[in-house]
Each structure stands twice: as structure tokens, then as C-alpha cells.
Number of protein chains: 2
Amino acid sequence: MPRQRPLTPAVIAAAALRVGDREGDRAMTMRRIAAELDCDPMALYRHFPDRQALLDAVADLALADAPGPDPEADWETRLRAVMAAIRSAALAHPGIAAHIAARPPLGEHGRRLGTAMLAALAEAGLSPADVVRASQTLVAYLAAALAMAVRAGERDDRWRHVAETLAAPPVGAAGEELFATGSAEQFAYGLRLLLAGIRAEAAGQTG
Amino acid sequence: MPRQRPLTPAVIAAAALRVGDREGDRAMTMRRIAAELDCDPMALYRHFPDRQALLDAVADLALADAPGPDPEADWETRLRAVMAAIRSAALAHPGIAAHIAARPPLGEHGRRLGTAMLAALAEAGLSPADVVRASQTLVAYLAAALAMAVRAGERDDRWRHVAETLAAPPVGAAGEELFATGSAEQFAYGLRLLLAGIRAEAAGQTG
DNA sequence: ACCTGAACACCGTTCAAGT
DNA sequence: ACCTGAACACCGTTCAAGT
């Protein structure tokens with residue numbers, strides 16, 4: 001990998017994302033990222049105060065691929081679109097997805113997508129205070145669903161056991177219905193519950 | 001701290017929980033836990049295959065304080081009680097709370113609480129398959145809310161900025177309504193949305 | 001056979017020494 | 001003044017050497 005000059009935050013973030021895509025999140029160390037750029041590890045500290053800040057930049061970069069919703073669609077379609085776009089973009093880069101789940105990035109792209117969510121919730125008819133609360137709930141759910149999806153993809157027999165126990169509870173005739181945690185179907189079901197809750201909340205406020 | 005003999009998984013987990021309560025999650029290293037017990041770090045490996053397994057045991061121990069719901073209450077009250085009990089128990093031990101959020105423990109206490117959740121959802125009138133899906137959604141939401149609450153309590157100015165941006169969006173007259181992410185109020189609102197969604201789902205299935 | 005602790009292969013970050 | 005890389009203070013875990 002040839003040395004890329006000049007070193008900028010964007011160049012560093014892109015290199016880190018490459019390392020993460022190729023070798024996983026545990027490989028995204030200051031030393032490995034520096035090796036990818038063929039520079040001294042300490043050179044990274046001239047562009048980021050610490051590793052956390054560097055990963056924040058990588059997380060926001062991964063969200064660059066998440067398109068905003070069609071502005072002409074109704075609020076619920078837009079909300080589903082934003083949630084799906086963030087989920088897709090994050091899972092396309094499994095190396096950084098866990099970091100996105102752990103701390104929602106608020107760089108350029110995070111703010112763009114967040115604003116779209118808030119606007120959709122306002123249009124749904126929630127009060128300004130409830131727009132905030134509902135958005136935090138949606139971000140929380142999205143983060144957890146992402147974290148589960150990442151782990152489900154990992155080789156982690158312990159988690160597979162967790163998934164199986166969660167998916168096959170001693171609750172009756174569930175039997176064949178095994179749904180992997182973190183699956184797209186599981187994600188859609190939770191979002192459906194939340195949207196039904198938002199509709200009920202909005203109806204309660206207008207009615 | 002005097003040496004406790006004999007060394008058992010329970011004694012080790014209790015010591016680790018103490019370290020975490022006192023010095024935070026980053027202090028729960030194999031070496032520090034061994035120091036708390038005045039034993040060789042390698043002695044821990046005779047009782048747990050690796051650090052992850054040890055933390056799983058600590059997480060389940062923290063949930064021991066979460067009481068099960070009153071069996072005579074209606075399903076919704078029971079569900080709220082279980083969610084609140086897990087949240088309280090986890091936040092009472094901030095050193096391990098993040099680990100609980102990252103991987104729902106399925107030891108004795110995790111299973112006990114999980115079973116109570118599933119039973120409540122079944123009684124709500126969901127199909128067995130939807131009981132599973134709804135429970136996974138609730139666990140996901142609980143995990144994310146816990147993770148946010150833990151971070152909100154940390155000295156993390158970057159996260160505080162995240163919280164402020166999320167809580168004061170450019171969406172209109174939100175203005176004074178600033179709700180910290182991870183607050184009890186925020187948690188209650190999200191749970192309310194989910195319960196409304198579950199009620200709607202149950203009504204759709206019976207009707 | 002069991003247990004120990006030295007050693008391995010790493011970390012993020014500091015800081016003194018070089019240019 | 002800027003940059004570098006050696007060094008610090010750690011990790012989780014392996015494994016050879018002791019008892």
C-alpha cells in the first residue's frame with residue numbers, strides 16, 4: 001500500500017475503514033491504521049485527538065452511503081427509508097458497524113440522517129418534545145438492532161446459543177419459528193411496533 | 001483484601017463486580033480481578049475459559065437483584081416491571097451495565113427474567129412467533145437504553161454534545177424541552193411506544 | 001497432575017530526543 | 001517548530017518450567 005500524501009483526516013478515515021472492512025473491528029488499531037498508510041502511528045495524533053475521535057470519523061464516513069429519503073413520500077415511508085438506509089450502510093462495513101451502534105455518529109452524515117428522522121416525526125403530528133423522545137427511541141432501537149446483527153454475523157458460538165435460546169423460548173408452540181436475532185425480519189418487526197406506537201401517540205395528541 | 005478460599009466462579013464473579021463498582025468497567029481486567037482476590041491472574045482461567053465468560057457471570061450476578069414481577073398483575077404491568085427491574089439492577093452496577101447491554105446474559109437470572117417477559121407477551125395475545133419477535137425487540141430496546149444511560153453518566157463531553165444535539169434538534173419549537181438520552185423519562189417513553197405497538201398487534205391478531 | 005509466573009504479542013498514548 | 005520513534009504502562013493469553 002503506497003504512502004498517500006498529504007495525510008488528512010479524510011485520508012486517514014478512509015484507510016481505517018479499509019482496514020476494518022478487510023480485517024474486522026479488532027484490527028482497527030492506531031498501529032495497524034498507520035501501517036496501512038505507511039506512516040508513523042503518532043502521525044495520526046496530529047489529525048485526531050485520540051482513537052475514539054478517529055473511529056467517530058470512520059463511522060460518519062460509513063454513513064455517507066446512506067441516502068436520504070424521497071422528500072415527496074409520506075412521513076412513515078420516509079422514516080422506514082432512513083432507518084433502512086442507516087442499517088444497510090452500517091452493515092456494509094461490519095468493521096465499524098459496532099462503533100456506529102455504540103455511539104451514534106454526529107458528523108455531517110449522521111446529522112443529515114438525524115434531521116430527516118426528526119422532520120418525519122414532526123410531520124407525523126407529534127409535539128416537539130415527543131419528536132425528540134421518539135427520535136431517541138428510534139436511534140436506541142436502531143443501535144441495538146445493529147449491534148445484534150453484527151454479533152450474529154460473527155463466529156461466536158456463545159452468542160449463537162443466546163440467539164437460539166431467545167428464539168426458542170419455553171412459551172408454547174413456537175417450535176419451528178426460529179428467528180435469528182439481528183435478522184432483517186426481526187428488525188422490521190420491531191420497527192413496526194414502534195411505528196404503531198408513534199401513530200397511536202400522534203392520534204392521541206390530535207384527537 | 002484478604003485471600004478468599006476456595007476460589008470458585010461465584011467468588012471470582014463477586015470480586016469482579018466489586019472491582020467494577022469501585023473503579024469502573026475498564027478496571028475489570030483479569031490482572032486487577034486477580035489482585036482483588038490476591039491470587040495469580042492465571043488462576044482465573046481454571047474457572048472461566050476467557051475474560052468474556054467471566055464478565056458474563058458477573059453480568060448475571062448483577063441481575064440477581066432484579067425481582068420477578070407480581071404474578072397476579074396483568075401482562076402489561078408485569079412487562080413494565082420486568083423492564084424496570086432489569087434497568088435498575090444493571091444501573092446499580094455501572095461497571096458491568098455496559099456488558100449487560102452488549103450481550104444479554106443468559107445465566108440463571110437472565111433466563112428467569114426472560115421467561116417472565118415471554119409469558120407476559122404470550123398472555124397479551126401475541127402468536128408464539130410474535131412473542132419471540134416482540135421479546136427480541138424489547139431486549140434490543142432495553143440494551144440500547146442501558147448503554148445510553150451508562151454513557152450519559154460517564155464523563156464524556158463528546159457524548160454530552162451528542163445528547164444535546166439529539167435533544168435540541170432544528171425541528172421547530174422544541175426549545176426548552178431538553179431530555180437527556182438515557183434518562184428514566186426517555187426510557188419510559190420508548191417503552192410506552194413499544195407497548196402501544198404490542199397492544200395494536202395483539203388486537204389485530206384477535207380481531 | 002497440577003499450578004505458577006515468566007514471556008509473548010500486542011495495545012493507546014506520552015514524551016524526550018532528534019532534525 | 002515540527003516530527004519521530006523509543007519508551008511507558010498496561011492488556012489477554014500461552015506455555016514452559018517448576019512442584
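The basis for the numbers below is simple: all heavy atoms, side chains too, and nothing from hydrogens, waters or symmetry mates. Below, read A as the first sequence line, B as the second, and so on, with proteins coming before strands; counting in each chain starts at 1.
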(request) Would you kindly give the CZ-to-P distance between B/Arg31 and C/dG5, to the nearest whole Å? (result) 13 Å

(message) Between B/Gln52 and B/His99, is there a side-chain heavy-atom distance shorter than 4.5 Å?
(response) yes

(request) Rounded to the nearest angstrom, tell me the gap between atom CE in B/Met30 and atom P in C/dC8. (result) 21 Å

(request) Among C/dA6, C/dT13, C/dG12, find the nucleotide with the atom closest to the side chain of A/Met42. (result) C/dT13

(request) Specify the closest pair of heavy atoms between A/Ala124 and A/Ile198, including all atoms of both residues, with the distance to one decimal. (result) CB-CG2, 4.5 Å

(request) Give the nucleotide from the list C/dT13, D/dT13, C/dG12 with an atom nearest to the side chain of A/Asp50. (result) C/dT13

(request) For C/dA9 and D/dA17, measure between their P atoms and round to the nearest Å. (result) 16 Å

(request) Determine whether B/Thr181 and B/Arg151 make a side-chain contact, defined as any pair of heavy atoms from C-beta on separated by less than 4.5 Å. (result) no

(request) Please determine, for D/dA6, whether a Watson-Crick or G-U wobble partner exists with both distances under 3.5 Å, and give it or none. (result) C/dT14

(message) Using the side-chain heavy atoms of B/Tyr45, tell me which of these nucleotides is nearest: D/dT13, C/dT13, C/dG5.
(response) D/dT13

(request) Send over the distance from A/Arg26 CZ to D/dG12 P, rounded to a whole Å. (result) 11 Å

(request) Could you check if a side-chain atom of B/Val58 sits within less than 4.5 angstrom of a side-chain atom of B/His93, using non-hydrogen atoms only? (result) no

(request) Could you check how far CG of A/Asp38 sits from C1' of D/dT4, rounded to whole Å? (result) 14 Å

(request) Round to the nearest Å and state the distance from B/His47 atom NE2 to C/dC2 atom C1'. (result) 13 Å

(message) D/dC3, OP1 or OP2 - any side-chain N/O from A/Arg46 closer than 4.0 Å?
(response) yes

(message) Both distances below 3.5 Å, Watson-Crick or wobble geometry, any strand: find the nucleotide opposite D/dA1.
(response) C/dT19

(request) Check whether any side-chain nitrogen or oxygen of A/Arg51 sits under 4.0 Å from OP1 or OP2 of C/dT13, and answer yes or no. (result) no

(request) Find the distance A/Leu7:CG to D/dT4:P and express it as a whole number of Å. (result) 9 Å

(request) Using whole Å, report how far CG of A/Asp40 lies from P of C/dC15. (result) 17 Å

(request) Tell me, yes or no, whether the heavy-atom count around A/Arg112 atom CZ, taken from other residues, nucleotides or ligands under 6.0 Å, exceeds 12. (result) yes

(message) Taking the C1' atom in each of D/dT13 and C/dT13, what is the distance between them to the nearest angstrom?
(response) 23 Å

(request) Calculate the interatomic distance between A/Gln52 atom CD and C/dT13 atom C1'; express it in whole Å. (result) 14 Å

